[in-house]
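This one's a predicted model, so the numbers in the text were calculated from it and none came from an experiment.
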Protein chains: 2
Amino acid sequence: MTRRDLLRMIGMTAGSAAMYQAMTSLGFAAESNFSGMPSLGAAPKGTSVLILGAGLAGMVAAFELRKAGYSVQVLEYNDRAGGRNWTLRGGDRYTELGGETQHCEFDPGLYINPGPWRLPYHHRGILGYCKQFGIPLEPFIQTNYNAFQHSSKAFGGKPQRYRAVRADYHGHIGELLAKVTNDGGLDAEVSKEDQQKLLASLQWWGALDKNYKYTKGIESCDRRGFNRDPGGGLSARPELSTPTSLADLLDSELWGALPIGDIYELQQSLLQPVGGMGRIGEAFARELGPLIRYRAKVVDIDQDDSGVRVSFEDSGTPGSRHQASADWCVCTIPLSILGEMPIKVGQPMAAAIAAVPYASSVKIGLQFKRRFWEQDDQIFGGISYTDLPIGNISYPSDGFQGSGKAVLLGGYMYGPDAMRFTAMTPAQRIREAVIQGSQIHPQYPAEFDNGISVAWHRSPFTLGCFGMWTEAMREQHYDNLCAFDGRIVLAGEHASYLPAWQEGAVTSAHDAIDRLHRRAIAHGAKT
Amino acid sequence: MTRRDLLRMIGMTAGSAAMYQAMTSLGFAAESNFSGMPSLGAAPKGTSVLILGAGLAGMVAAFELRKAGYSVQVLEYNDRAGGRNWTLRGGDRYTELGGETQHCEFDPGLYINPGPWRLPYHHRGILGYCKQFGIPLEPFIQTNYNAFQHSSKAFGGKPQRYRAVRADYHGHIGELLAKVTNDGGLDAEVSKEDQQKLLASLQWWGALDKNYKYTKGIESCDRRGFNRDPGGGLSARPELSTPTSLADLLDSELWGALPIGDIYELQQSLLQPVGGMGRIGEAFARELGPLIRYRAKVVDIDQDDSGVRVSFEDSGTPGSRHQASADWCVCTIPLSILGEMPIKVGQPMAAAIAAVPYASSVKIGLQFKRRFWEQDDQIFGGISYTDLPIGNISYPSDGFQGSGKAVLLGGYMYGPDAMRFTAMTPAQRIREAVIQGSQIHPQYPAEFDNGISVAWHRSPFTLGCFGMWTEAMREQHYDNLCAFDGRIVLAGEHASYLPAWQEGAVTSAHDAIDRLHRRAIAHGAKT
């Protein structure tokens, strides 16, 4: 099994896949990290900065530079701020490349986040802005022991509960290692004293019985659950459940999803803004107000020793041509789009811009008439994983036990599956997601209400989901992408070691404006 | 290491310890389980039921029996309903045995739950009532990878992050088992084909490198975290962290807390009512209204062939004596108190009542001036475990990043530690919790504001925390405790296989009233 197969098989999510890419290109040098919010000090008097793109990187740059006293303007292609920080709610409309317009018909209060949807506890930059803007956060449930793990090729296609797969995997490997230990197989590796401690730990950790076996019994049921739960009174006795054999478990490959919640970026506590991830972009947009010019499609970026000049169209009046200029420019336009546009930079940055392809991804939101996953299956939040193309089914972490309709994430795809779904019409994507999801939740067809999808390669403002670095690419191009070229500096998740994560956008903006500020001071106040 | 040592060492929580006790006394018979909410059908005309205790079991019984048409009255010792379902908020007052009165001085919206504080996803009875009464639920975070695991005897007393302990334990045992597999040590146990699958799984699960080693590197940091996190721009490169050795890890015993979140009752998704667990008892009390008579201290329970007669004092007028009578009685008074009172039942039930001792437990709520655990340590909800007597520090799962004061659970003790804390004055308990907690959070002394504690053995209405069954005790007494004695039936967590859990109270009430209803029908309508 190759790593690629593995990642595909476990339905890896954007962040973790990206993390892996990022980390395979890490060196050991430790130069810096997040050291708190920027504190630039005063801008040289009269210095202006033009910011391209009102996604998180652009708005972070604008917010901080304005605070330092720079004269700031932001040009944004969309008629809203946030970029991939975006929540689709009832009444919203989205037109993808190809011309199809979808109308979101979710009930009030329901939403999906087509882009980022999780805030790791250690992403201190983005969390810092949430605090600064008073955006309420709530837990995002990633790992749910009662969610399903489903393989169309194992257990007759019957979804298994996460808790059972986990308990059985731990139990079986605990039993194997305990047996080897008791048989003297670790004598060369582990001291006799540590072997005793190891055995004690394996017994508790793996839920082994007093003979260090993982068997049907109270220990295993305390982890994997019962066939019938214990209760009260005279009708109280539980029925024990039977573990899956090691061979069946290994063959099912369902163990693949077990460590997802152990990945640094996906560990509890994950957080989300109450009401949708878009609350963050919306808050920045409120803060910046008229500094952002919407519907401004940048078509040319020019610079010389004295400053930067950008041409843009007002997309409300096609063919119109406007100019904006400033002393400095922070460009956050995704490389997928920037690469198609004239920009006056040297060969190193130009080559870097051209080098990075964009990941393909599709997310599908489905509204159902009721919360059958809670009412029928006792699944409150979390994610079910499947080997079907939809990859994930993620249940809302809020509004538990509500009696109205509810929205779940009915598909979240990368790679070839995402390409196939991107090629479908929006209506076909929804239909396909409902058909596939029915294998995990047979309630789907009867309860389905409506749906909406975002295929990121059809997104006019990014032409893809996030920049996909490889180790070789990063070695050759990353520093050239991030370094100042004259009066232009780039920022965004693509200019970070945290591709796809909002924290990459935030920290790359912090890094860029810190360097911009030092350059501006070196140039001195304008006369 | 004995099981007792183990449970103590890992600071086991009420529910899981109780679960263990319960499960060691399980048989294999499968008689019944939770089968949905009761649907009793119509009561025989004119039939009355007297219910003793307005805790959850009593109120569930009253609610369902009234719905079926029974004439119901509830006698409650306290001046509030809920029993151990209880939330302490600012302005509340609590007088414990010994006469000390504590005034809760928490800020508005802040609270602790001295009793139950978590709702497992599979506790369908209690969750069903939350739904029925429209009580909003939110996630309760149990496992937090960034919370601390602390041993005063390991790592120089320096708290470790859960994620590092977990990653290192999985990594080391994964490496050991992979090595044994590659060396042919499993050839007798596992087929060659399955060995290949096992190796692939261990590599991914244990974050092993390409040589199946758990080493300092990108794989291990993807689980245990970095010394410096990756970021954006030119100051982006992370610094790798170094795994703890297997010997140090085993010796620290910090592995003991790893599986707590794997225990059936403590698995994600755990839920809590918004605003405190007491919301459930409060909702029942609103539903039942004047059916509950408060400050009614039962002093005698009598019965004959025609009905039940109960004597009680109004605790507002000591020495006063009142009578209540009914056709049937559901008695939910904790056995610790019931055992001290005259009750006319046969020897089997009397012996059962006398047999079950009550667990000792102490909970301590501490208000701090700010959320330093979030602001300084990036801990959002979850539980830190320590080998100090306080056992746990649990952080609020709500109100993240709030700028005001906040309350955490600064101690949660069982057994001998709880006895020692019970013997202290309330002020001493708080002082001791602050001193001990400072070893995990040095911010404690500077940030401490006020605190409150509940030592359950000093609780006038339970004289302990929950009924502690042993296997032998259960075999001898459980059925006798639950069986009808004439016109009296008992209910409560003590009459369940789920001691300490609210679900035990709910399901035991369901079981009791189902049997009561069948008896009442057999007796027919009153003339």
Side-chain angles (χ1 to χ4, degrees), chain A residues 1 23 26-27 29-34 121-122 131 137 139 141 143-146 163 173 177 180 185 194 197 200-201 204-205 218 222-223 225 228-237 239 247 250 255 259 262 264 267-269 378 380-381 400-401 482 495-498 504 507-508 511-512, chain B residues 1 6 23 26-27 29-34 121-122 131 137 139 141 143-146 163 173 177 180 185 194 197 200-201 205 218 222-223 225 228-237 239 247 250 255 259 262-264 267-269 378 380-381 400-401 482 496-498 504 507-508 511-512:
Chain A
M1 180 181 289
M23 287 195 309
L26 298 181
E31 292 176 41
S32 176
N33 71 331
F34 182 79
Y121 61 83
H122 46 85
K131 181 166 168 58
L137 302 178
I141 298 175
T143 301
N144 181 335
Y145 282 64
N146 207 37
R163 66 164 182 269
I173 69 173
L177 192 56
V180 169
D194 282 352
K197 295 176 188 165
S201 76
W204 164 238
W205 173 84
I218 53 168
D222 186 37
R223 308 288 170 87
R228 292 185 192 184
D229 283 344
L234 290 178
S235 57
R237 282 166 193 265
E239 183 184 349
L250 289 174
W255 48 264
D262 291 338
Y264 189 42
Q267 297 170 354
Q268 293 287 348
S269 303
Q378 288 75 57
F380 299 91
F400 297 137
Q401 301 210 110
C482 297
S496 83
Y497 278 81
L498 292 166
T507 53
S508 89
D511 181 82
Chain B
M1 182 182 287
L6 181 66
M23 287 195 309
L26 299 180
E31 292 176 40
S32 173
N33 72 332
F34 183 80
Y121 61 81
H122 46 85
K131 181 165 167 60
L137 302 179
I141 297 175
T143 301
N144 181 334
Y145 282 64
N146 208 35
R163 66 164 182 271
I173 69 173
L177 192 55
V180 169
D194 282 353
K197 294 176 189 166
S201 76
W205 173 82
I218 52 168
D222 185 38
R223 308 286 170 88
R228 291 185 192 184
D229 282 344
L234 290 178
S235 57
R237 284 168 193 265
E239 183 185 348
L250 289 174
W255 48 264
D262 291 338
I263 295 170
Y264 189 43
Q267 297 170 354
Q268 294 285 348
S269 303
Q378 288 74 57
F380 299 91
F400 297 137
Q401 301 209 113
C482 297
S496 82
Y497 279 81
L498 293 164
T507 54
S508 88
D511 181 81

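Side-chain atoms of A/Q267 come within 3.5 Å of backbone N or O of B/R223 as a donor-acceptor pair. With A/S269 contributing its side chain and B/F380 its backbone, the two residues share a donor-acceptor pair below 3.5 Å. The backbone N or O of B/I263 lies less than 3.5 Å from no partner atom in the side chain of A/D222, so there is not a single donor-acceptor pair. The main-chain N or O of B/G232 is never found under 3.5 Å from a side-chain atom of A/S496 such that the two would form a donor-acceptor pair.
When each of A/I141, A/V180, A/D194, A/N146 is scored by its heavy-atom pairs under 4.5 Å with chain B, the top score falls to A/N146. Of the listed residues B/G225, B/G185, B/A512, B/G504, the one with more heavy-atom pairs under 4.5 angstrom with chain A than any other is B/G225.
Closest of all the heavy-atom pairs between B/Y497 and A/A236 is CD1-CB, 3.1 Å. Pairing each heavy atom of A/C482 with each of B/G233, the nearest pair is SG-CA, 3.8 Å. Closest approach of B/D511 and A/S235 over heavy atoms only: OD1-OG, 2.5 Å.
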Verdict with reasoning, B/W205 to A/I173, per side chain to side chain contact (heavy atoms under 4.5 Å, CB included): CA-CA 11 Å; B/W205 173 82; A/I173 69 173; 3.7 Å; yes
Passes side chain to side chain contact (heavy atoms under 4.5 Å, CB included), B/H122 versus A/Q378? Steps please. CA-CA 7 Å; B/H122 46 85; A/Q378 288 75 57; 5.6 Å; no
With side chain to side chain contact (heavy atoms under 4.5 Å, CB included) as the criterion, how do A/Y145 and B/Y264 come out once you've worked through the C-alpha distance, each side chain's angles and the decisive distance to 0.1 Å? CA-CA 9 Å; A/Y145 282 64; B/Y264 189 43; over 6 Å; no
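Heavy atoms closer than 4.5 Å to chain A are found in the backbone of B/T143, but not in its side chain. Interface residue B/L177: backbone and side-chain heavy atoms are both found under 4.5 Å from chain A. For chain B, the nearby parts of A/A247 are the backbone and the side chain; heavy atoms of each come within less than 4.5 Å.
To the nearest 0.5 Å, atoms CG (B/L498) and CG (A/D229) are separated by 8.0 Å.
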